[in-house]
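Some notes on the structure that comes next.
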Amino acid sequence: MKAGLKGIITASVQKAVQAGSVQIPDSGKLPDIIIDRSKKDEFGDFSTNIAMLLAPLTKQPPRRIAEAVAAAASSDDAVEKCEVAGPGFINIFLKKTYWPAALADILKKGADYGKGTSGRGRKVQVEFVSANPTGPLHIGHGRGAAVGDSLANVLAAAGYEVTREFYINDRGRQIDTLGRTAFLRYHELLGRKIDLPEDSYKGDYVKDVARDFILKNGDRYVDSALDDVQKIFSDFAKKELLDRIKKDLMDFRIEFDVWYSEISLYERSLVEKAIEELRQRGFVYEEEGALWLKTTALGDDKDRVLRKAGGDMTYFASDVAYHIEKIHRGFTTVVDVWGADHHGYEGRIRAVFRAMGLDDKMLRIIFIQLVALLRDGAPVPMGKREGEFVTLRQVMDEVGADACRFFFLMRKSDAQLDFDLELAKKQAPENPVYYVQYCHARIKSIFGFAKEKGVAFLEDFDEGILKRLVEKEELDIIKHMAMFEETVEKSALHMEPHRITFYLTELAGLFHPYYSKTRVITDDAEATLARLALCKSVGTVTANGLKLLGINAPDKM
RNA sequence: GCGCCUGUAGCUCAGUGGAUAGAGCAUCGGCCUCCGAAGCCGAGGGUCGGAGGUUCGAAUCCUCUCAGGCGCACCA
């Protein structure tokens with residue numbers, strides 16, 4: 001419905017321009033029209049500041065522009081009146097007949113309500129989690145997973161064609177270290193005395209891996225030299241740990257379209273090809289035995305090594321090849337979801353896009369800030385090096401996937417997040433998770449009650465009865481629901497899925513008080529049906545929003 | 001030292017240059033004989049870290065500054 005409002009304002013601006021009362025300079029480009037719910041009822045239903053945005057362009061006073069636009073908009077069928085207020089706000093009062101139509105539109109669209117077309121089918125890749133298969137997913141990965149997955153949902157809803165991708169760092173020094181650690185744990189389990197080097201993976205999960213290795217292979221490698229069998233242990237361990245990561249993500253209800261192996265880049269010679277491509281563009285040189293990418297010419301702080309003097313390729317070289325591959329695959333936008341501790345890496349990856357002659361705006365990097373895990377307000381210690389960090393699995397098992405995802409999506413991702421385990425579990429008002437879900441369950445139960453009372457709510461009811469919804473609370477709910485499509489679009493545009501969380505909390509915050517105050521099922525048959533229609537649509541919008549967050553909309557709690 | 005992120009109510013945070021800065025929690029006081037009390041109603045709470053600047057207008061943009069977090073590898 002919001003698109004309709006935007007259309008009214010756009011047309012009105014154009015009318016004012018044609019009439020000569022607003023003069024747009026030759027460039028002729030209108031600023032984006034932004035319409036918001038009015039802050040106060042006396043400011044109408046919706047407001048726009050378009051006149052104030054046009055003022056500097058047209059060099060005309062904002063109030064005069066506003067008056068011209070408001071006059072044009074007043075003649076629109078849906079508009080009751082338009083007022084100019086303050087420095088140049090246009091306050092739009094819509095006709096009462098607009099709201100039944102808006103509500104009917106939501107009911108008609110159902111599960112599709114909220115879907116938009118602003119993405120125009122453009123291809124977007126969202127790469128997220130991409131945790132090394134050297135250990136379990138920790139809580140920070142979980143936040144990245146929730147944000148990445150929800151962002152992908154939101155982009156898809158806004159009309160983009162989305163690919164979800166997990167990049168697997170399945171080669172390099174950390175994998176070698178993993179293999180060596182597994183090798184040592186293997187010996188330990190077979191009764192040998194071992195000495196675990198400082199840079200080993202110290203978590204018990206490597207013992208689990210070694211135990212499984214024994215089940216499959218027995219003690220046949222116990223007398224082998226590490227160098228001879230390291231690859232066997234590395235391969236075994238990384239596969240097992242990746243399987244666990246996949247299992248964790250599946251239980252967190254996250255599915256990837258593509259699992260992209262770093263090794264596969266080498267198998268297809270894509271790393272060499274990428275370097276060759278960059279060499280031809282003049283950004284590759286050799287110095288002190290190493291091969292360098294001249295990223296300083298592309299906005300980075302210092303040049304970066306692609307191939308070490310010892311001959312090994314760096315992790316960066318793979319990543320260069322991977323991102324060039326993303327470009328060749330035809331994505332118009334590439335989204336990388338990274339832990340905030342990787343922000344030092346941003347410059348060199350942007351440089352790759354610039355080196356390829358592309359606008360690096362096509363790369364969007366979402367940084368996921370730290371999660372501070374609390375229990376009853378007291379911090380839960382973390383620290384991967386010691387091998388005693390809190391895993392996603394532990395938290396998910398303790399508080400449930402729904403609460404977990406909701407907490408991760410309660411804040412914008414570049415703000416630190418306090419996650420209180422006890423709070424997330426509490427079935428009490430101070431837990432924000434259930435407020436929204438309860439809204440959905442409550443509505444389902446209203447329909448259960450209606451059925452008991454023999455009140456039938458049919459899909460093809462007479463829309464005329466919706467004009468019985470005249471209470472302020474009822475209209476406020478409809479107005480908020482009318483903003484859902486806009487919210488999804490803004491969420492996609494800014495790549496901020498947490499906006500959906502806030503939107504749903506607000507919707508529930510309108511519904512619960514309404515429910516307490518107003519009886520839905522009464523002797524008045526028409527009013528009952530109209531209110532059931534309202535309830536139905538709130539349930540629909542809540543379910544649609546929760547789906548974008550990857551959270552269940554329960555019928556019962 | 002350089003770079004990035006964050007400073008908004010007691011706490012945790014919303015707030016694409018616009019109107020008198022908003023929620024939730026916590027605190028205090030009320031509400032279950034009636035569609036789910038995981039809910040509702042009411043009250044108090046603010047130098048938007050600080051200082052300049054840009055402008056009709058700044059929590060929002062720019063500069064400086066203070067505080068916290070993170071990063072500055074031929075590691076990944």
Side-chain angles (χ1 to χ4, degrees), chain A residues 32 34 36 38-40 42-43 47 49 52-53 55-56 61-63 85-89 91 132 134 169 171-175 177 199 262 287-292 301-302 304-316 318-319 339-347 367 369-370 372 374 377 410-418 420 423 426-439 441-450 452-453 455 490 493-494 496 498-499 501-502 505-506 508-509 511-522 528 531-532 535 556-557:
Chain A
D32 278 348
I34 293 158
D36 280 306
S38 297
K39 293 201 171 164
K40 300 192 144 197
E42 62 255 41
F43 296 153
S47 306
N49 63 348
M52 291 180 278
L53 295 179
R63 281 200 65 112
F89 289 101
N91 292 331
N132 291 346
T134 54
N169 304 131
R171 62 176 288 282
R173 204 165 79 183
Q174 296 199 8
I175 294 296
T177 303
D199 63 344
E262 183 183 354
E287 195 174 287
E288 292 174 6
L291 196 67
W292 297 74
D301 299 337
K302 52 186 84 166
R304 307 294 175 176
V305 171
L306 292 166
R307 192 184 61 225
K308 305 177 205 175
D312 286 344
M313 290 295 184
T314 59
Y315 170 84
F316 176 58
S318 310
D319 225 8
D341 55 341
H342 285 68
H343 72 246
Y345 204 74
E346 176 171 7
F367 290 105
Q369 278 288 352
L370 230 64
L374 308 174
M410 269 195 317
R411 306 273 174 261
K412 65 177 175 225
S413 51
D414 52 9
Q416 280 197 20
L417 171 70
D418 283 351
D420 195 309
L423 177 62
K426 235 179 230 174
Q427 300 197 351
E430 69 258 32
N431 184 352
V433 181
Y434 295 110
Y435 193 69
V436 173
Q437 286 187 316
Y438 183 52
C439 182
R442 196 171 219 182
I443 288 166
K444 285 289 169 187
S445 113
I446 295 170
F447 278 88
F449 183 81
E452 270 177 43
K453 291 279 175 185
V455 179
K490 278 188 194 170
L493 180 69
H494 296 284
E496 293 178 341
H498 76 281
R499 287 165 184 260
T501 315
F502 280 91
T505 306
E506 279 171 27
F511 183 75
H512 287 307
Y514 168 68
Y515 172 85
S516 303
K517 188 183 161 188
T518 315
R519 199 161 169 89
V520 174
I521 291 148
T522 62
T528 296
R531 286 176 183 155
L532 282 173
C535 289
K556 273 189 206 160
M557 298 172 68

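Labels below follow one simple rule: chain letters A, B, ... track the order of the sequence lines, proteins then strands, and each chain is numbered from 1.
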key: A/Y435 aromatic ring stacked with six-membered ring of B/A38, 5.5 Å and 30°   = no
message = For B/A73, does the base pair up with any side-chain atom of A/T314 as donor and acceptor (N or O, under 3.5 Å, distance only)?
response = no
query = Taking N and O atoms by type only, does the side chain of A/D341 place a donor or acceptor under 3.5 Å from a partner on the base of B/A76?
reply = no
message = A/N169 vs A/Q174, test: side-chain contact (heavy atoms from CB on, under 4.5 Å). Steps then yes/no.
response = CA-CA 9 Å; A/N169 304 131; A/Q174 296 199 8; over 6 Å; no
task = Can you tell me, in whole Å, how much space there is between the P of B/C64 and that of B/G22?
result = 32 Å
query = Is the backbone of A/K556 close enough, under 3.5 Å, to the side chain of A/R442 for a donor and an acceptor to pair up by distance?
reply = no
task = Would you classify A/R519 as touching base, sugar-phosphate or nothing, given that sugar-phosphate means primed atoms plus P, OP1 and OP2, and contacts are heavy atoms under 4.0 Å?
result = base
ask   = In terms of ring plane angle, is the pair A/H512 and A/Y438 parallel, tilted or perpendicular, where the classes change at 30° and 60°?
value = parallel
message = Mind checking if A/G86 touches a base, just sugar-phosphate, or nothing, with heavy atoms under 4.0 Å?
response = nothing
query = Say you pick atom P in B/C25 and the same atom in B/C66; how far apart are they, in whole Å?
reply = 38 Å
ask   = Using a cut-off of 4.0 Å on non-hydrogen atoms, how would the nucleic acid contact of A/K302 be classed: base, sugar-phosphate, or nothing?
value = sugar-phosphate
inquiry  = Donor-acceptor check, side chain of A/T314 to backbone of A/L306, threshold 3.5 angstrom: yes or no?
reply    = yes
task = Round to a whole Å and report the spacing from NE2 of A/H342 to P of B/A73.
result = 14 Å
